[in-house]
Colleague: 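Dropping a structure here in structure tokens format, bear with me for questions.
Just so it is clear: chains get the letters A, B, ... in the order the sequence lines come, proteins before strands, and each one is counted from 1. Every heavy atom of this structure was used, including side-chain atoms; hydrogens, water molecules and symmetry mates were not.
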Protein chains: 2
Amino acid sequence: MVTNICMLMKISHIGRGIKKGWLLSVTLFFSLHAAAQEDPLPSWNDGAVKQSILSFVKTVTTEGTNQFVPIEDRIATFDNDGTLWAEKPIIQGLFAVFRVHRMVAANPALKNKEPFKAVLENDKAWFGKAGEKGLIELVDVTHTGLTEAEFAAEAKLFFETVKHPSLGVPLANVLYQPQLELLAYLRMNGFKTFICSGGTIELMRAISRPYYGIPPEQVIGTQFKYRYVDSAGVNDIYRMSGIITLNDKQEKPVNIQYHIGKRPILACGNEGGEGDVYMLRFSQGSTYPSLQLLVNHDDAKREFQYEEKSNKSLNMAAQYHWQVISIKNDWKTVFNK
Amino acid sequence: MVTNICMLMKISHIGRGIKKGWLLSVTLFFSLHAAAQEDPLPSWNDGAVKQSILSFVKTVTTEGTNQFVPIEDRIATFDNDGTLWAEKPIIQGLFAVFRVHRMVAANPALKNKEPFKAVLENDKAWFGKAGEKGLIELVDVTHTGLTEAEFAAEAKLFFETVKHPSLGVPLANVLYQPQLELLAYLRMNGFKTFICSGGTIELMRAISRPYYGIPPEQVIGTQFKYRYVDSAGVNDIYRMSGIITLNDKQEKPVNIQYHIGKRPILACGNEGGEGDVYMLRFSQGSTYPSLQLLVNHDDAKREFQYEEKSNKSLNMAAQYHWQVISIKNDWKTVFNK
């Protein structure tokens with residue numbers, strides 16, 4: 001073949017053709033390279049927080065140093081309410097109200113029974129008196145007593161039809177655009193992204209993949225008692241009354257251990273309910289480099305402003321050097337369109 | 001470029017070189033294609049069971065029919081004891097005995113305390129009298145009262161040092177070679193493979209990836225109570241006394257729902273303890289095509305022969321048309337070397 005190649009090189013027309021082709025491919029290569037250098041987090045403002053994310057991902061994905069994390073250990077866990085989507089009001093609560101209306105429509109006798117009556121009549125006094133017990137009872141009666149197939153159908157209808165009460169948009173549009181970019185960026189770098197939320201698992205599983213690109217098997221949440229039924233034409237899981245794990249605070253690392261069996265190297269939560277601090281601490285105990293992110297709801301104009309009376313989450317963020325995401329300063333845009 | 005190409009074609013030396021190159025690539029292509037046609041399950045004998053597996057995988061992965069299953073729904077769950085590795089004796093039991101010796105060595109006063117005493121003295125009478133309660137107590141005291149990091153170190157040492165008592169080989173070699181091929185074949189076809197076992201999760205997680213290619217986040221098993229501790233220099237999960245879920249029989253579909261949130265389309269278990277029938281039934285309720293496999297321990301010569309007094313698993317296999325894997329007839333070789 002060598003003689004042939006020499007002949008080839010000597011033929012100037014062919015030579016020029018090859019040179020043009022070479023130039024074209026080199027140009028194409030650099031264009032692609034430049035595209036790869038484009039900002040993967042366009043909705044994040046430049047600053048220390050954004051830089052910490054980019055720097056962390058680069059560090060743990062660059063081979064040849066003792067900071068490299070093998071792909072199978074690149075686990076990222078995200079809270080949901082107030083971290084991936086807005087929580088004013090809690091969407092789980094909207095679902096409970098949706099279910100009250102659905103259940104009363106199917107069985108009108110319920111309208112005289114509590115807590116259905118209190119919801120239909122917007123009886124704040126009843127809920128004030130019933131306290132947390134009343135709320136738990138409301139969630140329980142509206143989320144149990146049906147099969148998984150029936151529940152999945154209810155959840156699907158809910159997300160298709162209900163709008164956010166104050167933002168006035170479909171629930172698919174109350175997601176945080178910068179967080180969607182962060183999830184995609186992490187996955188592009190070999191991370192497995194999980195939700196670890198106080199919300200009930202099957203409600204989140206109805207939308208985790210279309211909204212966030214997170215498949216059902218990567219959703220960790222609050223769980224009701226389940227019972228498997230295989231008789232009388234039913235082959236399914238029956239959702240029973242009673243919460244077996246409320247996935248909040250110290251239960252988050254517990255359920256991460258049950259579900260994943262690895263510490264996350266990136267954990268993201270929010271201040272508001274003191275609910276994510278132990279998930280972030282658990283990730284910080286990794287022998288690998290790790291990054292803890294805490295969303296601070298400080299933007300009254302574009303989102304909702306709220307803080308904890310105890311200020312526990314922000315205090316721990318300072319004590320343990322977590323990265324605090326200021327919605328006001330760090331996010332160029334808030335909601336996905 | 002056209003003139004150049006014509007000149008190129010006219011140069012006979014180059015033409016012959018190109019023809020040779022073309023022939024080489026065509027040969028290579030067909031070699032690769034033939035390799036792809038090679039048997040992916042070489043340790044399985046030809047027969048109805050092997051054919052059912054190959055046919056099922058082809059059906060659900062071929063686009064354009066209503067039998068096609070999207071890749072995200074290709075979930076396969078496997079029992080472990082008696083399905084992926086030998087269970088005579090139960091390896092969890094060997095670990096409990098290993099732990100007794102470890103704990104007594106660290107704290108000699110334990111040798112006078114039950115159930116440590118009964119294990120050290122091989123006191124079958126004590127275990128006969130204590131019954132199931134005694135066994136649960138033995139598992140409990142040997143598996144709890146330590147952090148996850150401490151437990152992981154114990155599990156690692158166990159698998160590195162303990163041999164199978166009758167087969168006389170390391171535990172890494174009591175795996176079923178045909179099942180390892182099946183797992184790899186499924187993954188090559190886009191399946192996510194899970195373990196769903198009565199064994200305790202963290203013991204299986206110590207070896208699930210090196211032995212089976214199954215990562216810890218895809219292991220479902222029996223769970224002890226966990227408590228998260230973040231104080232006095234400890235940042236870890238503490239393993240507490242008390243089983244919160246015994247992952248057997250009807251609990252298998254329940255834990256599959258918690259952990260995965262999807263029905264498996266392939267489920268594989270074994271007869272021996274009636275433990276897998278509901279996992280197989282749950283998979284059979286899928287709206288997708290599904291395949292249920294049951295390993296029958298009928299090979300006294302090469303493995304261990306045992307059956308259920310009730311014959312429940314094999315009866316249900318006949319009733320529901322599951323594929324029964326005869327170790328004697330369907331497996332060319334049993335253990336991995």
Colleague: Answer yes or no: is there a side-chain heavy-atom contact under 4.5 Å between B/W322 and B/V277?
Modeller: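 The answer is yes, as the side chains (C-beta and beyond) meet within the 4.5 Å cut-off.
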Colleague: If you define the side chain from C-beta out and look only at heavy atoms, does anything of B/S290 sit under 4.5 Å from B/P264?
Modeller: no
Colleague: Would a 4.5 Å heavy-atom cut-off, applied to side chains only, mark B/I91 and B/F158 as touching?
Modeller: yes
Colleague: Give me the ring orientation class for B/F191 and B/F56: parallel if the planes are under 30° apart, tilted from 30 to 60°, perpendicular past 60°.
Modeller: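 Tilted, since the angle between the ring planes falls between 30° and 60°.
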Colleague: In the structure I gave you, are the side-chain heavy atoms of A/Y228 and B/Q257 within less than 4.5 Å of one another anywhere?
Modeller: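 The answer is no; the side chains never approach within 4.5 Å.
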Colleague: What parts of residues 239-253 of chain B touch chain A if we use heavy atoms and a cut-off under 4.5 Å?
Modeller: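 Against chain A, the residues of residues 239-253 of chain B that fall inside the cut-off (heavy atoms, under 4.5 Å) are B/I244, B/Q250, B/P253.
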Colleague: Find out whether A/W85 and A/L171 are in side-chain contact, i.e. whether some heavy atom of one side chain is under 4.5 Å from a heavy atom of the other.
Modeller: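 Answer no - side chains too far apart.
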Colleague: Return each pair, listed once, that meets salt bridge (charged side-chain N to carboxylate O under 4.0 Å, His left out) where at least one residue sits in residues 216-237 of chain B; pairs must be two or more places apart or across chains.
Modeller: A/K192-B/E217, A/K262-B/E217, A/R263-B/D236, A/R281-B/D230
Colleague: Decide yes or no for B/F224 and B/V139: does some side-chain heavy atom of the first lie under 4.5 Å from some side-chain heavy atom of the second?
Modeller: yes
Colleague: Counting only non-hydrogen atoms closer than 4.5 Å, can you tell me which residues of residues 143-154 of chain B sit against chain A?
Modeller: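 The stretch touches chain A at B/E148.
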Colleague: Say whether, by atom type as modelled, one donor and one acceptor occur between the side chain of B/Y288 and the main chain of B/V60 under 3.5 angstrom.
Modeller: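 No, because the side chain of B/Y288 does not come within donor-acceptor range (under 3.5 Å) of the backbone of B/V60.
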Colleague: I'd like to know if the side chain of B/R74 reaches the main chain of B/V69, judged simply by a donor and an acceptor atom lying under 3.5 Å from each other, with no hydrogens or angles considered.
Modeller: yes
Colleague: Mind checking whether B/Y212 and B/F78 have side chains closer than 4.5 Å, heavy atoms only?
Modeller: no
Colleague: So which residues of residues 195-205 of chain A are in contact with chain B at a heavy-atom cut-off of under 4.5 Å?
Modeller: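 Within residues 195-205 of chain A, the residues under 4.5 Å from chain B are A/I201, A/E202, A/R205.
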Colleague: Quick check on the interface: out of A/I220, A/I260, A/I75, A/V229, who has the most heavy-atom pairs with chain B under 4.5 Å?
Modeller: A/I260
Colleague: I want to check something: taking the side chain as every heavy atom from C-beta on, are B/N315 and B/K312 in contact at a cut-off of under 4.5 Å?
Modeller: no
Colleague: To the closest 0.5 Å, what do you measure between CD (A/E271) and CG (A/L314)?
Modeller: 5.0 Å
